[in-house]
Protein chains: 2
Amino acid sequence: MTERGYDGFAIDEVVARASVAKTTLYRRWPSKDHLLVALVARIQDEVEVADTGDIRRDLTVYLTAVATGLDRMRRVGRDGAGEADRSAGVVAELVAAAARHPDVGDAVRGMFARRNALPLRPLDRARERGALPTGISSEVVFDQLAGALYYRLLITGAPIGADYVQELVDQVLSTATTASHPDGT
Amino acid sequence: MTERGYDGFAIDEVVARASVAKTTLYRRWPSKDHLLVALVARIQDEVEVADTGDIRRDLTVYLTAVATGLDRMRRVGRDGAGEADRSAGVVAELVAAAARHPDVGDAVRGMFARRNALPLRPLDRARERGALPTGISSEVVFDQLAGALYYRLLITGAPIGADYVQELVDQVLSTATTASHPDGT
DNA sequence: CGCATTTCGATACAGCCGTTGCGTTACCCA
DNA sequence: TGGGTAACGCAACGGCTGTATCGAAATGCG
């Protein structure tokens with residue numbers, strides 16, 4: 001999979017290399033999509049989120065980690081290290097697999113949910129300190145942040161650099177900033 | 001395609017119903033993915049965006065139209081009208097197709113770009129009126145809005161109701177509101 | 001009308017995913 | 001140690017996408 005990407009990744013070759021009958025593989029993973037999500041679950045490294053009290057910094061660190069992780073999965077199966085095509089790679093296949101099989105969808109959503117639950121606590125704490133607007137759920141705020149990243153990755157294909165992440169966080173937190181620092185800093 | 005969804009949509013049956021040789025079809029659309037994006041380009045209806053001067057209302061109308069359009073595409077190929085499964089349906093296949101073939105990716109990005117360029121002008125005009133924070137590009141603002149919708153559709157599978165759209169717009173515009181109405185209304 | 005070029009059709013085929021049927025091996029436990 | 005259950009292996013197959021080959025039809029043009 002990491003060698004040739006999703007297309008060049010054939011079940012027949014997997015069973016040949018594993019010296020295993022195709023029947024056995026299909027007993028464990030009932031489709032190629034199931035196998036894919038199991039692979040990604042292995043590849044995915046843990047993302048931890050700090051909770052230092054500086055919500056701007058915490059969010060920036062977290063989103064940067066997510067962005068680099070996505071960029072890494074974007075390049076899975078491409079040989080050229082600097083391959084600059086605007087493709088979502090394996091993430092797009094993951095999304096499609098989740099849409100095809102309900103149980104795969106549950107698994108994929110569970111994967112993302114574990115990662116995405118992390119910054120909710122810092123967000124809630126920041127709101128308690130008055131660093132976030134009231135009346136807006138942390139979930140919506142998080143949807144905007146993560147959504148912008150996935151939107152660029154999957155839909156527009158626009159690059160996701162460190163400056164973009166910073167601009168994103170600034171825009172979301174601008175309410176709180178103008179509230180606590182009316183001079184706009 | 002609209003009858004049975006992406007899976008039950010077989011090239012062999014298409015050419016049979018069209019009374020056309022498979023060779024001919026493949027001369028026009030060099031893969032099933034190419035055919036898919038051509039179909040979606042036909043299905044996709046035009047979304048127009050108002051520019052009344054009330055940016056909050058304009059954005060809400062636009063995003064609601066986008067959300068209902070996505071929800072319609074989400075149900076393509078499912079018989080039950082009230083089919084409430086949390087699947088991204090044809091949109092996910094579109095994203096995967098765009099990731100597989102570079103030219104399909106260009107076409108899909110072009111489709112989305114045409115729709116997404118629409119609200120940029122009202123956003124820019126609103127900023128000129130001081131109804132948006134300075135220093136933040138309209139593109140980032142739009143990424144947050146559209147991104148949240150696609151994120152819910154493709155990743156979390158969470159529902160996208162009218163109240164959610166409203167909450168989204170309110171959060172994004174809260175900066176401007178507090179700036180022009182410091183009492184918080 | 002005659003001819004060349006382009007387009008289309010039909011069939012067969014390769015590669016892949018996923019399934020079926022059945023025989024064989026490994027494992028567990030009395 | 002023996003027997004029964006569970007897991008595995010093997011080969012073949014069906015359905016699908018995409019390709020190749022070659023023949024037939026249509027179209028444009030002098």
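Both backbone and side-chain heavy atoms feed into the values below; hydrogens, waters and symmetry mates do not. First the proteins, then the strands, lettered A, B, ... as listed; each starts at 1. Computed from a predicted structure; not experimentally measured.
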[X] [atom1] - [N] [atom2] separation (whole Å):
X        : N      : atom1 : atom2 : result
A:Tyr26  : D:dG9  : OH    : P     : 15 Å
A:His34  : C:dC17 : NE2   : C1'   : 14 Å
A:Ile11  : C:dT19 : CD1   : P     : 11 Å
B:Glu13  : D:dC16 : CD    : P     : 8 Å
A:Leu25  : C:dC17 : CG    : P     : 10 Å
B:Lys32  : D:dT19 : NZ    : C1'   : 17 Å
A:Leu36  : C:dC17 : CG    : C1'   : 14 Å
A:His101 : C:dG18 : NE2   : P     : 7 Å

- Message: Go nucleotide by nucleotide along DNA chain D from the 5' end; which of B:Phe9 and A:Ser19 gets its closest nucleotide reached first?
- Response: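 It is A:Ser19 whose nearest nucleotide is closer to the 5' end.
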- Message: If the cut-off is 4.0 Å, is B:Arg28 near the phosphate of C:dC8, judged by side-chain N/O to OP1 or OP2?
- Response: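 So the side chain of B:Arg28 is within the cut-off, an N or O lying under 4.0 Å from OP1 or OP2 of C:dC8.
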- Side-chain N,O (B:Thr23) to OP1/OP2 (C:dC8) below 4.0 Å: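 No.
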- Query: Can you list the steps and then say if B:Phe9 with B:Leu35 is a side-chain contact (heavy atoms from CB on, under 4.5 Å)?
  - Reply: CA-CA 11 Å; B:Phe9 157 60; B:Leu35 182 55; 3.8 Å; yes
- Message: On the six-membered ring of B:Tyr164, is B:Arg152 placed so that its NZ or CZ lies under 6.0 angstrom from the centre and within 45° of the ring axis?
- Response: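 Judged by the rule, B:Arg152 and B:Tyr164 form a cation-pi pair.
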- B:Lys22 (side chain) and C:dG9 (base): donor-acceptor pair under 3.5 Å: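 No, no donor-acceptor pair under 3.5 Å.
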- Message: Whether the A:Arg127 and A:Ser138 side chains hold a donor-acceptor pair (N or O, under 3.5 Å, no angle test) is what I'd like checked.
- Response: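 Side-chain D/A pair, A:Arg127 to A:Ser138: present.
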- Task: Can you figure out which of C:dC8, D:dG9, C:dC16 approaches the side chain of A:Arg27 most closely?
- Result: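 Comparing C:dC8, D:dG9, C:dC16 against the side chain of A:Arg27, the answer is D:dG9.
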- Item | Ring centres under 6.0 angstrom apart (B:Phe112, A:Tyr151) |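 Centroid separation for B:Phe112 and A:Tyr151: 6.0 Å or greater.
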